[in-house]
Structure formats: structure tokens, C-alpha cells
Visitor: 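Got a structure for you, written out below as C-alpha cells; questions coming shortly.
All values derive from a computational prediction rather than experimental measurement.
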Amino acid sequence: MSQTDGYTRFVNRPLGKQIAKAAGLPQPVPLRRHTLGDPLVTGPILILGESAAAETVAKQLWREEYDVRRDVGLKQKFSAIVVALDEIRHPQDLSDTVLELGQALRRLDSNGRVITIFRDPNDASVANDATALAARRGVEGLTRSLAKEMRRGATANGIVLSDDVEMTSASAQSAIRFFLSGRSAYVAGQFLTVSSSAGEVPSNWDTPLAEKVIVVTGAARGIGAAISELLARDGATVIGVDMPSAGDALTDVMNRVGGISVQMDITAEDAGVQLLQKARERFGRLDGIVHNAGITRDKLLANMDDSRWDSLIAVNISAPLRINEQLLQARGDGVLADNFRITSLSSTSGIAGNRGQTNYAAAKAGVMGMTQAYAETLGETGGSINAVAPGFIETAMTDAMPTATREVARRMNAMQQGGRPVDVAEAIALFHADASAGINGTTLRVCGQSMVGQ
Amino acid sequence: MTSTSNAASAGGSLRPAVVLGGNRIPFARAHGAYAGASNQDMLTSTLEGLIARFGLQGEQLGEVVAGAVMKHSADFNLTRESVLGTSLAAHTPAHDVQTACATGIETVGGIANKIRLGQIDSGIGGGVDTISDAPLAFNNEARELFMQLNRARTTQDKIKVAMKLRPKHFAPLAPQAGEVRTGLSMGEHQALTTHDWGVTRHEQDEIAMNSHKNMAAAYEEGFFNDLMTPFRGLDRDNNMRPGSDLESLGKLRIAFGKQLGEEATMTAGNSTPMTDGAAAALLSSEDWAQKNNLPILAEFVDFEVAAVDFVNGQDGLLMAPTYAIPRILDRHGLGLEDIDFFEIHEAFAGTVAATMKALADEDYNKNVLGRDKALGQIDPTKLNIKGSSLAAGHPFAATGPRIVASLSKMLHEKGPGSLGLISVCAAGGQGAVALLRGR
Amino acid sequence: MVTPNIIDSDPKTESLRIISVNETPSLTSSYGKVAAGVIRRKRPMAVSLPGTCWETTDVISRQLVDDYNTLLSASGDVGHNSAPSLTAHITAFGLSTAMMAERGFPLPLLGMVHLQHKVWHMSDIPIDQPLRIATWAQNLAPHHAGTTVEIWVQIFDPTTDKLLWQSMALYLSQSVKLPGAEQPPRPAREPFRPPAMTAQWHLPKDIGRRYAAVSGDRNPIHLSNITAKALGMPSAIAHGMYAAGRMLAGRETPAPYTWAIEFASPMRLPTKVAVNYRHANDRQLITGWNARKEKLNFAAEIRLH
């Protein structure tokens, strides 16, 4: 698995840059990614808009000694632009702030950030209010389009607040920190919806998962290994699960992250019970699970056989469903945390569909359904469930794709490059933090704003 | 300090040593999957798997003891070097042990004794062996010349010695496969014992078949999921033949005891092949287990070693356990009927059969073991129920920890107070047996 | 049960004339002398023993003990300061052979067949300490295949004159018949039935050369096929005394003890010798045979006293 693909390395050298420019080829840049202790951004942050949300963000960042600007100025370069549109009532209200944003965009650094903040179009309060709903939807549209205009590793994303949630809430803070930082490197044109004020700000934003014990399935390789490493980086103790046959790779990952390895088949009837038992014995608690384990068995439906369909459904959706049921039966036993958090790996295939992946898409769309369904019950005790839908992520699996197919898939997104397992892992880690408890039942795409799908 | 918290080595009382679990890599037939792996590679990987399973990263254990029967001279500190390559704290001490095939029982037993004495709180007993990367040696004459060369002071002297070197001096000696004092291979020795005890081909083939079938079933039920970590592309013992049956075993040619003619019974099918692999078991005091939230599988109650006079043809080479088993059972006031699981290492099916026949034989017990009466019959349904060396293979020093870990799990599943007996025969006419109690 | 069939004989040293030799003669010179004798076709004509006892003073060297132990992998079998039984034989063998190579000796050294060997190891023998060694021949006797002679060796502590070790070797010459003596009939022997194998010796083709290097006994029949064939043997054969050393390795106890070996057929090199060890009260019986041909090579015993 390459750290940065060869083409990206090429176009970031002087000669390659010239050739790519002249030929009108994609010009991806190395993305800014987060390492422990990094600040959210390194340069000035421009905050546009006059709302309470704008004030909140400005004050918080200022308190942390970031260089916060409230006007575009003349020559200043910006690392990030936060656009507070949470108080607009009519689409025509957008004009002033958006056009000001337009002026500032030219001065956005590479790997810069644009973050819109607006109210939830799905909020019941605007269900019958055409102008308000049009305005809110309008911000969605402009954010997605703006994301596609971003260059040089910059992204545009949105924070969606329910009407009764303020920017001061823990999850709104968690969301903006995610979007500002290198943690969201491969997230573009996406929204984090804060639907409640649940959650609490951690004592240290560097270790938002301190003391947590989290199960990661499929932890031996690729995205699962990256998730394990990231959860450990953020302070969690990982129980890594993988097939017995992947035990050697699992050993390496767990010894690197200081976790414990559990070799088991997650399709076992009592997999959830076993995992709970392991957590009870070793740690006396279980704070979350990442349903990462998954397989692909690609075939056009016309050629699909029983085993390809059934084995995929068994691993990718039946197992998470059964494990969740078994875990949630243990609520209140003192081991399973009241604020238990579940994350699952969905896929852009589950959102947009993908030829040859009817089975995979069925399972991955199923994951999103499962995520919606559990949100309320988990939310009642401060828990949460969310999904992450990766696009093209550079793994050993994609390395094995035919070169031409891989190149097309890799460039078919706003970032013009593939993401890395760590980008998916950052999103997973975000959802496991208690600060993110107000984000519940959502699916976040980590796809560099892939051209397929929503 | 009260006397109960005093280490036994400092006047306190003994405390139990308990088994928390184990790990091994799949065993591979020699010159196959692990041909490129050294003892240190295999032992390190085995320890790493154990560390990952129990979350021991950065932990300073009391001691790690392991050994290999076939060891390069450069590997004099094999276990310590392996520990340094693992995620354990570098402050974890280690030492090597070598008592042929009983090495693995001795390493685990040594750790258990230190824990019982209060000298250490936790430790790993392990073993590893490779036939594929066995050391080669120069013959005596060549070695003498190289030594002379080394001692020579002047260039002239050096040349004088060097001139004596001939091509034959560079031909390595093959590793010794036989007993030094008899020149017989272990198989030839066992063939004599098998014959003496009138063990039939059918009895042996049945033991072999059961070993394969039992082990295959154990794999199927996931028994080894938390006892094994894959290595170099193997996730199962590649010697195991789940489809073994009496018919196919019956077709194999005689491998040992050919001089017995029609009465020869030992084949490659009812003998354990040369194998590469490693295994380790984690032991501790009850306190340490509790502090680290590690469930206890079994207590390592005791172990016993014995040796026989095979050089003078008095005893069968691999019959030492028949001396040790009654001794350890007597010491604990137990009989064969008290044991729930027997783990008799299958060096050869004939070894298992002869051991069982000897223990049940009135004359042998009276005249050889000096007992009043026969120790008794071992219930075959309690024997090697998860398979043994005929199926798994037998990387010499690794067999002990393999059995200790598996048996501990079996005893834990059976329940507190259940008893298991391990018997491992060894080269040099030695043997080690161990007694474990389920928790 | 195969037991060695050793003649019952006692040393008879009365009326022997002592011949003192300053230095143990080298075996090579004795064999050379014999070879020269063959070429000159000067056969010894005597029909009676010379009645002499050859004596010398010599030591069993530390070097010999080390080399011997290395060859037999027998290191540490006996105490560090006492010599293995066979090193006494090796040390005295030069003197005996020189005596037999003398022109007045009635049987030709060349082609002599070693039939039996018996050793009384009465006391521990010091290493690197002067020892008085005496050797003589007695009992020239008719045999169904020729004539036999007993060669005796005694080793004394020169300061106390204590007898430490003695041996009797029975040799057969097939080329000499005692005039006037009646040839005894070939004794009936039970057919050999191989016992259970408890050990197996792998004798490589160079084992004759290796034992020769340690013992100095470079009799050509042991060195190579070519030299053996030159003397009418089908191939090189192992030194009988190597087999004796092999069976003693690991079994030498503190003195006193006796051991004896009867050689039934030569061990042609290279070969595997099937071996049976068994305890019978105060003695151990050792039988060696060729498993393929079911032919007895030797029968031996070690007896503790």
C-alpha cells in the first residue's frame, strides 16, 4: 500500500507540475493529515457571518490562541473559513455572506478548509416552512458545489445543527474540530448533523477516547488495523478481532497498539456473547464496537451463486446485527457502557450502487438501515451509532485492482486521489468520542467527494 | 509482613502456580512451510502471539524459560534473544533449558516451581524446534585442525596447519538422529518396545487415526482459536490428515523394526514425523492473574521426571514415564481412575500403547516398578481427546507447552477440580509427567 | 543367550627368560620386519615357543587416553586419572607384536587370526605414570583350523610390583600345523539365533584408519580395501579391538572387573552391526552380529567382581 500514489508524487515535483498543468491533467496534492499534538490549523481562520454560532466559534478558537479573523482583509491567507449561515430564513439571505466567502476563497491555503454551519432542513420546525426549508437546503447545495470547486487538498463541509442545538454543544465543537483538522483530510462535500446537545467535552482533546475499551472487528489488516491504531492513539484500549487465520497479522497490530487479540469468526452464533465475556474478564467494561470486518464477493447478479451471496450477507450485515443484539441485551449489567457507541463500515457502493456488487451494496446499505434503527434506543442512555462510508481507499485490496481501473477510481473524486485507511479511521474515532454523542444515526462518507452517489 | 505473604523461598508457604493460557504456531512438517524460519523466528512469533492474546505489551514478566533440542551454538541465549525481539519489557529475564523432548515440560515446570516458591509472580514456559534449520557440525578432525589454526601464533605455523586441511574436512556431519550410546534411532528403539509389549499394527493405527480425527474435530469446534497464531501462511498443523482411516494407514510400509520381519508393525502413519514449530504457556500466581484480570484455566500442580536403563537393554527407551506416572500419582494420593484427561505424547502410537499396557501389567509393576500391584487401565476415551503429536507433529521442545496449554483449557471447560495427566517421553531414556487441576 | 566361549587358562611365567627392552618397539617396524621376512621367504622354522618374557617400562599417555576417548565417544567413562582398559592393551601391543615378529617365534605374524581376548582389569591404572609391562606366549596348541597360541600381557606398578592389569589374547595361525599333534575336530556349535537388537553400530569405511591412528596398529587388513585385498582379504575389516572398545564404552566401572570377547567373524567395512546388551546377574553380555546375514560377529561379556 503506497503512502502517496506515484502519480501524486509526480505532479508535486516541478517538472510533473508543469506537464500536468499543460495537459490539463488532475493535480492532486499530498493531504494534510493529523498526528498527535498537531494544532487544528496552522494559519489564520476567517469566520464569516454574524450569528451566535459565529460568535461561539470565534470565541472558542480565540481562547485556544488561534489567529481568528472576522473580515476578509486585503492580502491575508487563510487556513480555514467558517461560514455561519445558521440564522438565514430565506435563500436571498445567503447572498452577502456567500459572496464575501467567494472573495476570501482565492486566499485559502492548500489543504484549507471551508466549513458551513446551518440549521437542519429535516428539523420538524421547518417541515412546512417553504422559504426556511429552501434556505437550509440551499446551504447544502452550495456547500456540495463549493466542495467540488476546491483545489490543492482543500475541502468544504457543513455542520448541520438541529434547531434546539447550539454551537456551544459538545458535538458541534467536536464536529468543527474534526473538519478544521487534518482528521478530515479525505472528507469533502459532507455534513455532520448534530441532532442533540448530548455529550461532553473531553478534558484533553488529544485523547478523546481515554479509558475506553473498544472492540474492532477485522482488525488485522487495512482499514481495521488503521482504526485500531487510531483508537489507541486517541486513548482507547482495543480488543482486536479477526479470523483465526489472520491471527499473525492481528498479533502484530495488537502488539503495536497495546491491545488484545481475539481470534474468532464473527459469524459464530455467540460472537457477541464471547466478546462481552472477554471485555468483562479483562477490563470490566465495554464502551464501543467498530463493525469493520467485511468481505467482497463480486459477481453480476445474473452470475451470483448461493455461497457468494450468503457468505457476504452473513459476514457484512447479519453478524453485526446479531452481535449488536447480544451486546445490547447486556445493557445495565455494569460492563456495557450506558453511553455505548457503535460504528460500522458502510460503503459508497451502498449509497450509489456499484455494478457487480449487488450483494455488497445490499449489506452496506443494510448497515445504514441498522444505524438508523438503533439510534434512538442507544441515544436514550447517551450512546450513539453511526456509520462511515468509505470511497476509494488505498489498501492491499485496491492495490490488487487492474491498473487502469484503479487509476480511474482513484481520480474520480474532488481530491483526485485515493484516501487512506487512516482517513476512515479518523471518522470512526470521531464517532466514538463522548464529545460526539449528539451525532447519532448518521452515515459519514469518507470519499474525497467521490463523483458517484449523493 | 505476615508469614502468608512471605515468599516460600523466604520462609513463607507455597502458593499455587496457575496456567492462564498458551499459544503456539501451527506445526509444519520438516523442510516445508517453515524451511526458512529459525528457532528464534518461531519462538519470537509464538511469544508475540501470546503477548497479543493477553495484552502483555511492555509487561515485565518474572521470567521466560524456553529451549530447543536442535540448537545452533550461536543460539546459546535463544530465549533471551527471542524475548528481546518481542513486545515484552526488555527487563524480562530469560533462560534456556534442554532435556530433549521433555524440554517443554521442564520449562513450564521450572516456571511453576519459581512461582510456587514466590520467586516470581508470572512467567512463560516454552519450547521450539526446527529440523529444517538444524545446526551442522564439522567432524572432529576438522574441528581439531581449525582449533590448531586458531592457536597458531606465527604465519608459518598457520600455513603448516592450513596445509593439512582437505576437502573432506569441509563436509558437515549430519545431525545425530540416533541415541548416542546405542546408535539406534528412536523409531528402532520403539520398534523393540512395541514388539516386546505385543502391540499390534491395528492398535497403533487406531491410535493414529483417533489422533487425526480428534484433532480435526477440535479445529472444527474452534478449540484452537485461542491457542494458536498462524505463521508463514499456515493456520493449521500441516501434518494433520482429517481423513485418516484404518484402511489407508494399513497400506503404509514398515518404517521401523524391519529386522522383526513379519512381526514389524511401525509405519510412517503410526509414527510422528519430523516437525518444525514452537509453543508457549503463560503461568502466574493467583494474585498476579487477579491483578491483571486474567481468568485462570488450571493449576499446574506438580511434575515428575524419570529415566530408564535402555543402554543395557533393561528398559524400552521411551518407557520412563511408566516410572514417573505412579510416582506422581502416589505423591498426591491419586489413582488413574481420578484422572479426567490423559495426554500421552504420541512420539509413536506404539509408545502410547506400550505405556498403557505396562501400567496395567501386574508383572511389570511388581518386577520393574517395584509396586504391589498394577497401577491400572487408562480409559481410552479419556486419552488425547483433542488429538496429539501423531496429528499435530512433534517439534521436540514445543510439545510440552502445546499440551500444557490445551490440557489447561480442557480442564477449565470440564470444571474446577478436574484432573489432567501429561506424559512425555524423551531421548536418553528420560520422561516427564505433569499433573494439572482444572479451575 | 549367546555367551563368549573363552578358553580357561592361567598365566604361566615360571622358567621364562626375561628380555628387557629399553623402549617399546614400534608396530610399524614389526610389521615391516615381517613384510621383509615374507619377501625374503624366510619362514620361521621353530615348532616350540621361545620361552622368553619381554619386559619394558612405558606409560599410558594422556594423549592416548584423550584420543581413545574421542574416538569411542567415551570421555568421562572412567575417572580422570585412570586409564580405559583398552589403552593398556594398546600401550603393550607394540611389545607383544615385536615379540611375535622375532624370527624365533613359531607362528607367522602375518595372517594371524585374533580369536579371543580376555582382560583382568584388577586395579585402576594411572595415566602418564611409569608402568612395567611384561609379555610372553604360552600354550602352543593344535586347533581344527591350524595352531593357536596365547599371548599374555601383565602390567605392574613398578614401585610396588602390584599387578594392575593382565590380558590373554588367543591367536590362530592357519598356516602352521604342529608336527605330531592330532588336529582336534571342529567343535559343534549351536546355530546362531539373533537376539533382540538393543543397539546398532554404524561402522564407517574409515573406522579402521581412525582406530589405527589412535592405536598405532596399522595392520593393512584394516586400512583400506586395496591393502586388505593385497593380503588376501575380500575387503577391509574392523579391528576386533575396536569392537571391544565400543562395547566397553560407557560400561567401564572402577576396577576390579574382567571382560572377554570372542570374535566369530570379521566385520567387513563399512557395516552396521546389530548389537544386543543384556544383564545377567553380575555380568553384562554383549552380542554383535550382521543383521542382514544373521551371522555372529562377536560375543562378549563384562563381569564385575
Side-chain angles (χ1 to χ4, degrees), chain B residues 137-145 147-148 164 166-169 171 173-198 256-261 263-264 266 308-319 354 367-368 427-429, chain C residues 1-2 63 66-77 193-207 209-210 213-214 243 246-253 271-294 301-302 304:
Chain B
F138 287 110
N139 58 43
N140 282 340
E141 207 176 320
R143 228 175 35 229
E144 175 57 29
L145 285 173
M147 290 294 171
Q148 280 180 23
K164 292 187 202 161
R166 297 281 177 275
K168 66 172 180 180
H169 293 133
L173 288 176
Q176 192 134 20
E179 282 293 329
V180 178
R181 286 180 189 271
T182 62
L184 286 183
S185 71
M186 203 174 267
E188 293 299 339
H189 267 291
Q190 182 57 47
L192 300 171
T193 310
T194 305
H195 186 250
D196 280 353
W197 284 99
F256 300 109
K258 285 178 187 152
Q259 80 280 3
L260 299 166
E263 291 169 32
M266 290 177 53
V308 294
D309 182 7
F310 70 99
V311 182
N312 293 311
Q314 290 284 85
D315 298 293
L317 176 72
L318 302 179
M319 294 297 272
N367 301 332
V368 179
Chain C
M1 186 159 68
V2 188
Q63 181 72 50
D66 285 350
D67 290 350
Y68 174 81
N69 282 340
T70 303
L71 180 70
L72 276 304
S73 300
S75 298
D77 276 347
R193 243 187 256 108
M197 176 167 67
T198 64
Q200 189 171 47
W201 299 347
H202 298 251
L203 305 190
K205 66 181 193 303
D206 68 343
I207 195 63
R209 292 192 289 280
R210 282 160 60 190
V214 171
R246 191 75 186 253
M247 69 109 180
L248 285 167
R251 292 186 172 71
E252 288 195 54
T253 54
T271 185
K272 285 180 197 165
V273 182
V275 177
N276 171 273
Y277 279 96
R278 57 177 297 151
H279 270 281
N281 299 321
D282 62 339
R283 62 180 181 162
Q284 300 174 65
L285 292 169
I286 304 100
T287 311
W289 71 99
N290 182 315
R292 202 160 44 80
K293 297 180 185 164
E294 296 204 347
E301 68 169 15
I302 304 171
L304 304 179

Visitor: Measuring heavy-atom distances to chain C, does B:Asp196 have an atom under 4.5 Å in its side chain, in its backbone, in both, or in neither?
Guide: neither
Visitor: Please round to the nearest 0.5 Å and tell me the distance separating atom CZ of C:Arg251 and atom CZ of B:Arg181.
Guide: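 Here the interatomic distance stands at 8.0 Å.
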Visitor: Rounded to the nearest 0.5 Å, what separation is found between the CG atom of C:Asn276 and the CG atom of B:Asn312?
Guide: 10.5 Å
Visitor: Write down the atom of C:Thr198, the atom of B:Leu192, and the distance for their closest heavy-atom approach.
Guide: CA-CD1, 3.8 Å
Visitor: What is the distance from atom CD of B:Gln259 to atom CZ of C:Arg292, rounded to the nearest 0.5 Å?
Guide: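 The distance works out to 14.0 Å.
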Visitor: About how many Å separate CE of C:Met197 and OG1 of B:Thr182, when rounded to the nearest 0.5 Å?
Guide: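 So the gap between those two atoms works out to 9.0 Å.
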Visitor: Minimum heavy-atom separation for C:Gln200 and B:Leu184, please, with both atom names.
Guide: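 Answer, listing the atom of C:Gln200 first, then B:Leu184: CB-CD2, 3.2 Å.
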